[in-house]
2 protein chains.
Amino acid sequence: MNIGEAAKASGVSAKMIRYYETTGLIPKAERRTSGYRDYSPADVHNLRFIRRARDMGFAVAEIQELLGLWRDRSRHSADVKRIAAAHVEELSARIAAMEEMRSTLQTLIGCCAGDDRPDCPILADLEEPGVAVRPDAQARLRERAIANRRG
Amino acid sequence: MNIGEAAKASGVSAKMIRYYETTGLIPKAERRTSGYRDYSPADVHNLRFIRRARDMGFAVAEIQELLGLWRDRSRHSADVKRIAAAHVEELSARIAAMEEMRSTLQTLIGCCAGDDRPDCPILADLEEPGVAVRPDAQARLRERAIANRRG
DNA sequence: TGTGGGGCTTGCCATCATGGGAAGGTCAAG
DNA sequence: CTTGACCTTCCCATGATGGCAAGCCCCACA
């Protein structure tokens, strides 16, 4: 199986397959006499695992751990669960950070006329945080931030 | 004012101040005879604007636009609002993607014993999506995904 | 058997924002 | 005058991915 076929079958681009090989995430592929890489169905199986883990946002280093556990038939599921839970924590942290940004911006957008005039609370807040937004808007902002944390 | 003082006063690291200069985001700083960069309070004001915009997740290219509008006293607030709204859209898309990852992972984690035994629905799902999770768990997954979209 | 088009190889560059470090010049306090 | 902290430039690294270029390989069709 050529690298292109393996790419199509696994959903991992040929470029990334080579990259994963150089970084040691996957073993070096067999070569045919032509120099072409040759992939088995088992290799594709591996690549699909990687693809799926990437889709869940795992970093390559974490996938390396997961692959190790996958291959280890005497693994403890607790180890897998720990990795997954840590990743969920990181996702949650990033989500919270972005929700805070979004919430701030939505408040500012709600205060901006969005017309031909130059007055703009968005720019005013960038210039001096908190001054441009009226107190009631700030209250809404705080409430929304709390709601986001609950959601 | 030295670059280090400007960094402390603005919250932008000296490294990043130099970087912003090379990329044209800020004008080239004045130099003293020694070659040291020299910053005015107005420069620090600029840098704080940039810092705040970065904190809201704007990319440097977007900040360039925002700075242009900030300086343009005949700007239309609609232009600022458009940029901010586009950024909110992008934040929302990224948040949704990560919430989906998190939701999937939380479902799998909820199905994993997390003990000494090797059986692990997390690995099983990475190996073959959807097979390891019982139908009721998949239903919970869908509901949670919908709830996330509402949140 | 020749040929053309598509696939493969390696290698280098770019992204985006940020940090690290080295080699060497400057400043200010003691 | 020395010393330590600060500044300068330049280069390198990150992480995952794509793009491009020069050159080789393979297969199908004429």
Side-chain angles (χ1 to χ4, degrees), chain A residues 1-26 28-40 43-44 47-67 87 90-91 94 97-98 101, chain B residues 1-26 28-40 43-44 46-67 87 90-91 93-94 97-98 101:
Chain A
M1 204 177 199
N2 275 350
I3 196 171
E5 297 166 304
K8 238 175 259 171
S10 67
V12 179
S13 74
K15 203 86 191 194
M16 291 313 298
I17 295 176
R18 294 194 199 99
Y19 171 72
Y20 291 151
E21 185 180 310
T22 66
T23 61
L25 183 64
I26 57 176
K28 294 195 179 179
E30 296 294 306
R31 299 292 185 127
R32 280 184 270 174
T33 51
S34 63
Y36 280 25
R37 289 176 180 79
D38 197 9
Y39 293 93
S40 69
D43 295 328
V44 172
L47 287 168
R48 279 219 247 187
F49 181 100
I50 293 170
R51 171 62 205 263
R52 174 99 176 124
R54 288 291 300 135
D55 285 348
M56 290 196 196
F58 285 104
V60 168
E62 291 166 321
I63 297 177
Q64 205 131 23
E65 290 188 79
L66 290 171
L67 280 170
H87 184 50
E90 209 204 302
L91 284 172
R94 291 202 280 154
M98 292 201 295
M101 295 175 192
Chain B
M1 205 177 199
N2 275 349
I3 196 171
E5 296 166 306
K8 238 175 259 171
S10 66
V12 179
S13 74
K15 207 87 190 193
M16 291 312 298
I17 295 176
R18 294 193 199 99
Y19 170 72
Y20 291 151
E21 186 180 309
T22 66
T23 61
L25 183 64
I26 56 176
K28 294 195 179 179
E30 297 293 306
R31 298 293 184 127
R32 281 184 269 174
T33 51
S34 63
Y36 281 25
R37 289 176 179 80
D38 198 9
Y39 294 94
S40 70
D43 294 328
V44 172
N46 251 17
L47 287 168
R48 279 219 246 187
F49 181 100
I50 292 169
R51 171 63 205 264
R52 175 99 175 125
R54 288 292 298 135
D55 285 348
M56 289 195 196
F58 285 104
V60 168
E62 292 167 320
I63 297 177
Q64 205 130 24
E65 290 188 78
L66 290 171
L67 280 171
H87 184 50
E90 209 204 302
L91 284 173
R94 291 202 282 151
M98 292 202 295
M101 294 175 192

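In this text, all values refer to a predicted model and were calculated from it rather than measured experimentally. Letters A, B, ... mirror the listed sequences (proteins, then strands); counts begin at 1.
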Just how far, in rounded Å, is [atom2] of [N] from [atom1] of [X]?
{"X": "A:Arg31", "N": "C:dT10", "atom1": "CZ", "atom2": "C1'", "answer": "9 Å"}
{"X": "A:Phe58", "N": "D:dA16", "atom1": "CZ", "atom2": "C1'", "answer": "17 Å"}
{"X": "B:Ile3", "N": "D:dA5", "atom1": "CD1", "atom2": "C1'", "answer": "15 Å"}
{"X": "B:Leu47", "N": "C:dA17", "atom1": "CG", "atom2": "P", "answer": "16 Å"}
{"X": "A:Ile17", "N": "C:dG7", "atom1": "CD1", "atom2": "P", "answer": "15 Å"}
{"X": "B:Asp38", "N": "C:dT26", "atom1": "CG", "atom2": "C1'", "answer": "14 Å"}
{"X": "B:Ile63", "N": "C:dT18", "atom1": "CD1", "atom2": "C1'", "answer": "14 Å"}
{"X": "B:Arg94", "N": "C:dC16", "atom1": "CZ", "atom2": "C1'", "answer": "12 Å"}

- Hey, what do you get for CG (A:Leu47) to CZ (A:Arg52), rounding to the nearest 0.5 Å?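 Taking CG in A:Leu47 and CZ in A:Arg52, the distance rounds to 15.5 Å.
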- Task: Check whether the side chain of A:Lys15 and the base of C:dG7 form a donor-acceptor pair under 3.5 Å.
- Result: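 There is none.
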- Message: Any donor-acceptor pair, under 3.5 Å, between the side chain of B:Tyr36 and the base of C:dG25, if you only look at N and O atoms?
- Response: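 Yes.
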Is any side-chain nitrogen or oxygen of [X] closer than 4.0 Å to OP1 or OP2 of [N]?
{"X": "A:Arg18", "N": "C:dC8", "value": "no"}
{"X": "B:Tyr19", "N": "C:dG19", "value": "no"}
{"X": "B:Ser13", "N": "C:dG19", "value": "yes"}
{"X": "B:Arg32", "N": "D:dT8", "value": "no"}
{"X": "B:Arg51", "N": "C:dA17", "value": "no"}
{"X": "B:Asn2", "N": "D:dC6", "value": "no"}
{"X": "B:Arg37", "N": "D:dC6", "value": "no"}
{"X": "A:Ser34", "N": "D:dC26", "value": "yes"}

- Message: On a heavy-atom basis, which atom in B:Leu91 and which in B:Met56 lie closest, and how many Å separate them?
- Response: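 Looking at all heavy atoms of both residues, the shortest contact is CD1-O, 4.4 Å.
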- Step by step, would you call B:Asn2 with B:Lys8 a side chain to side chain contact (heavy atoms under 4.5 Å, CB included)? CA-CA 10 Å; B:Asn2 275 349; B:Lys8 238 175 259 171; over 6 Å; no
